[in-house]
K.L.:
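Sharing a structure, written as structure tokens. Questions coming.
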Amino acid sequence: MSNLGIPSRESNYADWYNELVLKADLADHSAVRGCMVIKPHGYALWENMQRALDDMFKATGHVNAYFPLLIPKSFFEREAEHVAGFAKECAVVTHHRLIEKPDGKGLMVDPNAKLEEELIIRPTSETVIWNSYTKWIQSYRDLPILINQWANVVRWELRTRLFLRTAEFLWQEGHTAHATYDEAETEALTILDVYRRFAEDWMAVPVLTGLKSENEKFAGADHTYCIEALTQDVRAIQAGTSHHLGQNFAKAFGTQFQSAEGKLEYVYATSWGVSTRLIGALVMAHSDDKGLVCPPKLAPIQVVIVPMGRDEAARALTHPVADRIAQELIDLGIRVKVDKREKESPGFKYNYWEMRGVPVRIELGPRELESGQAVLARRDTGEKATVGLERVAEFARDLQATIQQSLRDRALAFREANTHRVDTWEEFAALFEGEGGGGFVVAHWDGTSETEEEISKRTKATIRAIPLKPLIPSDGEPGVCVLTGKPSKQRVVFAKAY
RNA sequence: CGGGGCGUGGCGCAGUUGGUAGCGCGCGUGCUUUGGGAGCAUGAGGUCGCACGUUCGAAUCGUGUCGCCCCGACCA
């Protein structure tokens with residue numbers, strides 16, 4: 001019995017999250033520490049995310065390509081900051097053959113099959129990609145290059161959590177090359193906006209957009225933009241990043257082009273990515289103690305129909321009606337599932353699909369057939385409605401948009417209720433006291449890394465974003481740093497982060 | 001890498017002073033059931049993480065080792 005449900009968010013947020021991911025059938029642990037199996041239900045969610053994002057990339061002029069998993073170690077030696085950022089968490093391939101052990105019991109690495117140069121399993125692909133770009137780019141006419149790839153990467157993280165931080169994860173990484181700084185800047189901001197729109201319109205997760213501080217920016221970037229969401233335990237979660245790499249990689253790889261004026265110049269670059277971490281952010285934004293709550297636009301199954309009937313004769317009546325409504329829904333473009341399992345009780349099925357986050361359930365039993373009406377239940381609010389059978393499909397279709405909007409409104413209201421503006425250190429420290437989050441804390445900062453580090457040391461909060469536009473007009477006014485009292489140009493957003 | 005926990009049927013666990021492994025859930029079959037996580041009957045399923053040691057005898061004791069999970073430190 002006890003293994004049917006999940007812990008409540010209140011009792012133990014971390015356990016709640018973990019159990020939810022497992023019980024909602026999104027993912028499972030694998031044999032290797034920190035790696036996860038993404039199960040069909042979780043992968044379907046990822047596929048829906050991919051499709052939406054991929055369409056948005058294409059619509060902004062990008063094309064897909066694929067670069068190799070293995071990268072020569074020497075490539076990483078070329079960009080100093082980049083190496084420093086990733087060296088500590090690399091998986092390295094050193095050999096290419098296994099042989100039987102001398103005692104015949106099992107396999108061993110063949111010492112004679114050592115690679116001349118070790119290969120790194122990509123933690124990110126800037127280096128392989130720039131190795132190619134250098135060959136591809138001769139002239140300003142070869143620019144811009146606007147390529148994205150869908151791939152897996154490996155980062156040997158010390159501490160992992162399903163979806164939020166796994167040793168291997170799936171993501172997309174865009175890598176673009178431009179003739180000018182301004183064009184690269186526009187690209188980085190275009191993608192930032194794509195990410196913001198995806199989070200808000202598809203995931204129903206409102207995000208802050210902004211610049212990362214020097215401490216938080218990508219290893220090898222000139223500057224980094226990000227989207228940041230707020231979880232239900234009031235921590236920040238970085239949901240996507242877009243980096244302006246300046247000429248750093250072009251200089252490291254010698255990527256030059258001849259301008260229209262005939263001068264040799266270094267290329268400007270961007271890179272940007274979102275990963276399966278988005279699934280973690282989505283879970284943490286909307287789900288509840290009954291399991292996953294999935295925004296309809298991304299839900300693998302948008303409507304589940306539960307036909308009821310205590311015997312064969314009753315099922316012979318309800319099943320065809322369920323099938324008919326399912327077909328109507330399919331025709332309306334809705335992803336639908338009819339749960340005809342006979343051994344499971346209706347109550348079991350309700351809980352089962354609620355755990356898996358299906359936005360709308362249609363209950364269809366003898367009573368409904370008799371009255372010519374079906375019962376629809378909303379996953380997000382639990383509300384039930386009774387609707388004439390002729391209108392059920394359209395009603396369920398329309399509910400999708402309602403729920404999508406409602407989830408977003410709710411998440412936005414939650415974020416606003418957990419965004420605090422403070423001006424004194426006492427208030428600031430009080431918000432971050434203890435184990436919990438603290439929400440988004442909008443405060444003045446003197447702009448130095450030293451101050452950010454000191455604040456982080458004292459409170460565990462870091463700067464999540466330096467807003468590009470003030471969240472409210474007064475955020476853009478000058479003030480004094482919440483810690484040092486030194487002058488500050490604008491407020492920035494602090495939070496404890498995942 | 002530090003702290004904690006755990007390795008026993010698919011999952012969750014019990015197993016006393018060492019005596020040859022059990023419970024719940026799940027699974028198969030049958031019957032009765034089905035409107036918020038059904039019941040009864042019956043059946044299948046385990047080299048007790050691994051190695052070495054102590055012993056007539058080890059899931060149990062000792063030593064070593066491997067792995068996983070959680071909390072930190074680290075970090076897209």
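The figures here come from the full heavy-atom set of this structure, side chains too, leaving out hydrogens, waters and symmetry mates. Residue numbers begin at 1 in each chain, while the letters A, B, ... track the order of the sequences.
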K.L.:
How far does the C1' atom of U8(B) sit from the matching atom of U54(B), given to the nearest Å?
P.N.:
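Their C1' atoms lie roughly 22 Å apart.
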
K.L.:
Please report the distance, rounded to the nearest Å, between CG in Asp311(A) and P in U34(B).
P.N.:
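Checked: the CG to P distance equals 9 Å.
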
K.L.:
Can you tell me the pairing partner of U29(B) across any strand shown, Watson-Crick or G-U wobble, with both distances under 3.5 angstrom?
P.N.:
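When the pairing criteria are applied, A41(B) turns out to be the nucleotide that pairs with U29(B).
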
K.L.:
Side-chain N or O of His29(A) less than 4.0 angstrom from OP1 or OP2 on C69(B)?
P.N.:
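Result: yes.
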
K.L.:
Which comes earlier along RNA chain B counting from the 5' end, the contact point of Lys217(A) or that of Phe348(A), where each point is its nearest nucleotide?
P.N.:
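Nearest nucleotide further toward 5': that of Phe348(A).
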
K.L.:
For atom CH2 of Trp156(A), is the number of surrounding heavy atoms from other residues, nucleotides or ligands below 6.0 Å larger than 12?
P.N.:
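No - once you tally the heavy atoms of other residues, nucleotides and ligands closer than 6.0 Å, there are 12 at most.
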
K.L.:
Starting at CG of Asn12(A) and ending at C1' of C70(B), how long is that distance when rounded to a whole Å?
P.N.:
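Rounded to whole Å, this separation is 9 Å.
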
K.L.:
Could you tell me the Watson-Crick or G-U partner of U60(B), where both distances fall under 3.5 Å? Say none if there is no partner.
P.N.:
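None - no nucleotide pairs with U60(B), as no candidate has both distances under 3.5 Å.
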
K.L.:
Using a distance-only criterion (donor-acceptor N/O pair, under 3.5 Å, no hydrogens), is the base of U32(B) paired with the side chain of Arg310(A)?
P.N.:
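Answer no: no donor N or O sits under 3.5 Å from an acceptor.
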
K.L.:
Assert yes or no for the condition that the ring centre distance of Tyr17(A) to Tyr13(A) is strictly below 6.0 Å.
P.N.:
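No, too far apart.
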
K.L.:
Contact class for Ala167(A) vs. all strands (heavy atom < 4.0 Å): base, sugar-phosphate, or nothing?
P.N.:
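Nothing: the residue Ala167(A), judged by heavy atoms under 4.0 Å, touches no strand.
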
K.L.:
Counting the atoms with a prime plus P, OP1 and OP2 as sugar-phosphate, which does Glu368(A) contact under 4.0 Å by heavy atoms, base, sugar-phosphate, or nothing?
P.N.:
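The answer is base, as Glu368(A) lies within the cut-off (heavy atoms under 4.0 Å) of a base atom.
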
K.L.:
How would you label the contact of Ala14(A) with the nucleic acid (heavy atoms, under 4.0 Å): base, sugar-phosphate, or nothing?
P.N.:
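Counting heavy atoms under 4.0 Å across all strands, the contact made by Ala14(A) is with sugar-phosphate only.
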
K.L.:
Checking base pairs now: Watson-Crick or wobble, both atom distances under 3.5 Å. What partners C68(B)?
P.N.:
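Result: G5(B).
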
K.L.:
Looking for any heavy atom pair under 4.0 Å, which part of the strands does Glu216(A) touch: base, sugar-phosphate only, or nothing?
P.N.:
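Nothing, no nucleic acid heavy atom in range.
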
K.L.:
Should the heavy atoms of other residues, nucleotides or ligands under 6.0 Å from NZ of Lys340(A) be counted, would the total exceed 12?
P.N.:
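Count over threshold, so yes.
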
K.L.:
Which whole number of Å gives the distance between the C1' atom of C61(B) and that of G15(B)?
P.N.:
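Straight-line distance between the two C1' atoms is 16 Å.
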
K.L.:
Does either side chain, that of Glu185(A) or that of Tyr225(A), offer a donor lying less than 3.5 Å from an acceptor on the other one?
P.N.:
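Note: Glu185(A) and Tyr225(A) side chains meet the donor-acceptor criterion.
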
K.L.:
Measure distances between side-chain N and O atoms of Glu435(A) and base N and O atoms of G72(B), and say whether any donor-acceptor pair falls under 3.5 Å.
P.N.:
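Counting by modelled atom types and ignoring angles, no donor-acceptor contact under 3.5 Å is found here.
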
K.L.:
Just N and O in the side chain of Lys460(A): are any of them under 4.0 Å from OP1 or OP2 of G72(B)?
P.N.:
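The answer is no; no side-chain N or O of Lys460(A) sits under 4.0 Å from OP1 or OP2.
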
K.L.:
Expressed in whole Å, how much space separates the P atoms belonging to G5(B) and C13(B)?
P.N.:
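Comparing P positions in G5(B) and C13(B) gives a spacing of 15 Å.
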
K.L.:
Base, sugar-phosphate, or nothing for Tyr498(A), non-hydrogen atoms under 4.0 angstrom?
P.N.:
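Tyr498(A): no heavy atom of the nucleic acid under 4.0 Å.
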
K.L.:
Out of C74(B), G36(B), G35(B), which has the shortest distance to the side chain of Pro366(A)?
P.N.:
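Taking heavy atoms from C-beta onward, the closest nucleotide is G35(B).
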
K.L.:
Could you check Asn215(A) against Gly34(A) and say which one's nearest nucleotide on RNA chain B is further toward the 5' end?
P.N.:
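It is Gly34(A) whose nearest nucleotide is closer to the 5' end.
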
K.L.:
For Arg361(A), report the nucleic acid contact type (base, sugar-phosphate, nothing); a contact means any heavy atom under 4.0 Å.
P.N.:
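Since a base atom lies under 4.0 Å of Arg361(A), the category is base.
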
K.L.:
Whole angstroms only, please: what is the NZ-C1' distance between Lys343(A) and G28(B)?
P.N.:
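Whole-Å distance recorded here is 10 Å.
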
K.L.:
G67(B), OP1 or OP2 - any side-chain N/O from Arg33(A) closer than 4.0 Å?
P.N.:
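No, outside the criterion.
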
K.L.:
Which whole number of Å gives the distance between the P atom of G19(B) and that of C48(B)?
P.N.:
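Taking atom P in both G19(B) and C48(B), they lie 15 Å apart.
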
K.L.:
What is the nucleic acid contact for Thr124(A), judged by heavy atoms within less than 4.0 Å: base, sugar-phosphate only, or nothing?
P.N.:
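Thr124(A): no heavy atom of the nucleic acid under 4.0 Å.
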
K.L.:
Among A38(B), G72(B), G35(B), which is the nearest nucleotide to the side chain of Pro346(A)?
P.N.:
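Of all the options, the side chain of Pro346(A) is nearest to G35(B).
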
K.L.:
Is the shortest side-chain heavy-atom distance between Pro359(A) and Arg378(A) below 4.5 Å?
P.N.:
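A side-chain contact under 4.5 Å is absent here.
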
K.L.:
Do Asn418(A) and Leu230(A) touch side chain to side chain, with heavy atoms closer than 4.5 Å?
P.N.:
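With C-beta onward as the side chain, the pair touches.
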
K.L.:
Does U47(B) have a Watson-Crick or wobble mate here (both distances under 3.5 Å), and if so which one?
P.N.:
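None - no nucleotide pairs with U47(B), as no candidate has both distances under 3.5 Å.
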
K.L.:
Ignoring hydrogens and angles, state whether a donor on the side chain of His62(A) or Gln172(A) is under 3.5 Å from an acceptor on the partner side chain.
P.N.:
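Side-chain D/A pair, His62(A) to Gln172(A): absent.
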
K.L.:
Taking CZ from Arg159(A) and P from C71(B), how many angstroms apart are they, rounded to a whole number?
P.N.:
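So the two atoms are 4 Å apart, to the nearest Å.
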
K.L.:
For the pair made of CD in Glu157(A) and C1' in A73(B), what is the distance, rounded to whole Å?
P.N.:
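Computing the Glu157(A):CD to A73(B):C1' distance gives 13 Å.
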
K.L.:
Could you tell me the separation between the CH2 atom of Trp353(A) and the P atom of G37(B), rounded to a whole number of Å?
P.N.:
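Distance, rounded to whole Å: 18 Å.
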
K.L.:
Please determine, for the side chain of Glu363(A), which listed nucleotide (G36(B), G37(B), A73(B)) has the closest atom?
P.N.:
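In terms of side-chain proximity for Glu363(A), the closest of G36(B), G37(B), A73(B) is G36(B).
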
K.L.:
Can you tell me the distance, in whole Å, between the CG atom of Leu158(A) and the P atom of C71(B)?
P.N.:
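It is 14 Å, rounded to the nearest whole Å.
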
K.L.:
How far does the P atom of G39(B) sit from the matching atom of U33(B), given to the nearest Å?
P.N.:
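Comparing P positions in G39(B) and U33(B) gives a spacing of 15 Å.
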
K.L.:
If we take the C1' atom in both G24(B) and A14(B), what is their distance in whole Å?
P.N.:
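Per the computed distance, 10 Å lies between those C1' atoms.
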
K.L.:
When we call it a touch if two heavy atoms are under 4.0 Å apart, what does Asn18(A) touch: a base, just sugar-phosphate, or nothing?
P.N.:
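Sugar-phosphate contact only.
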
K.L.:
Provide, to the nearest angstrom, the distance between the CZ atom belonging to Phe86(A) and the C1' atom belonging to C74(B).
P.N.:
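Spelled out: CZ on Phe86(A) to C1' on C74(B) is 14 Å.
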
K.L.:
Do the side chain of Arg165(A) and the base of C75(B) come within less than 3.5 angstrom through a donor-acceptor pair of N or O atoms?
P.N.:
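Side chain to base: pair found, below 3.5 Å.
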
K.L.:
Between C40(B) and U34(B), how far is it from one P atom to the other, in whole Å?
P.N.:
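Roughly 16 Å separates the two P atoms.
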
K.L.:
Between His223(A) and Phe218(A), is the ring centroid distance below 6.0 Å?
P.N.:
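So the answer is no for these two rings.
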
K.L.:
OP1 or OP2 of G37(B) less than 4.0 angstrom from a side-chain nitrogen or oxygen of Ser345(A), does that happen here?
P.N.:
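Answer is no, no contact under 4.0 Å.
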
K.L.:
In terms of side-chain heavy atoms of Asn351(A), which of A38(B), G35(B), G36(B) is nearest?
P.N.:
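For the Asn351(A) side chain, the nearest candidate turns out to be G36(B).
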
K.L.:
Look at all strands and tell whether Tyr352(A) reaches a base, only sugar-phosphate, or nothing, counting heavy atoms closer than 4.0 Å.
P.N.:
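The residue Tyr352(A) makes base contact.
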
K.L.:
Tell me whether Arg315(A) is salt-bridged to Glu342(A), with the criterion being a basic N under 4.0 Å from an acidic carboxylate O.
P.N.:
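Judged by the 4.0 Å cut-off on N to carboxylate O distance, Arg315(A) and Glu342(A) do form a salt bridge.
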
K.L.:
If the C1' atom of C52(B) is compared with that of A58(B), how far apart are they to the nearest Å?
P.N.:
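To the nearest whole Å, 13 Å.
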
K.L.:
Contact class for Lys384(A) (heavy atom, under 4.0 Å): base, sugar-phosphate, or nothing?
P.N.:
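Base, at least one base heavy atom under 4.0 Å.
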
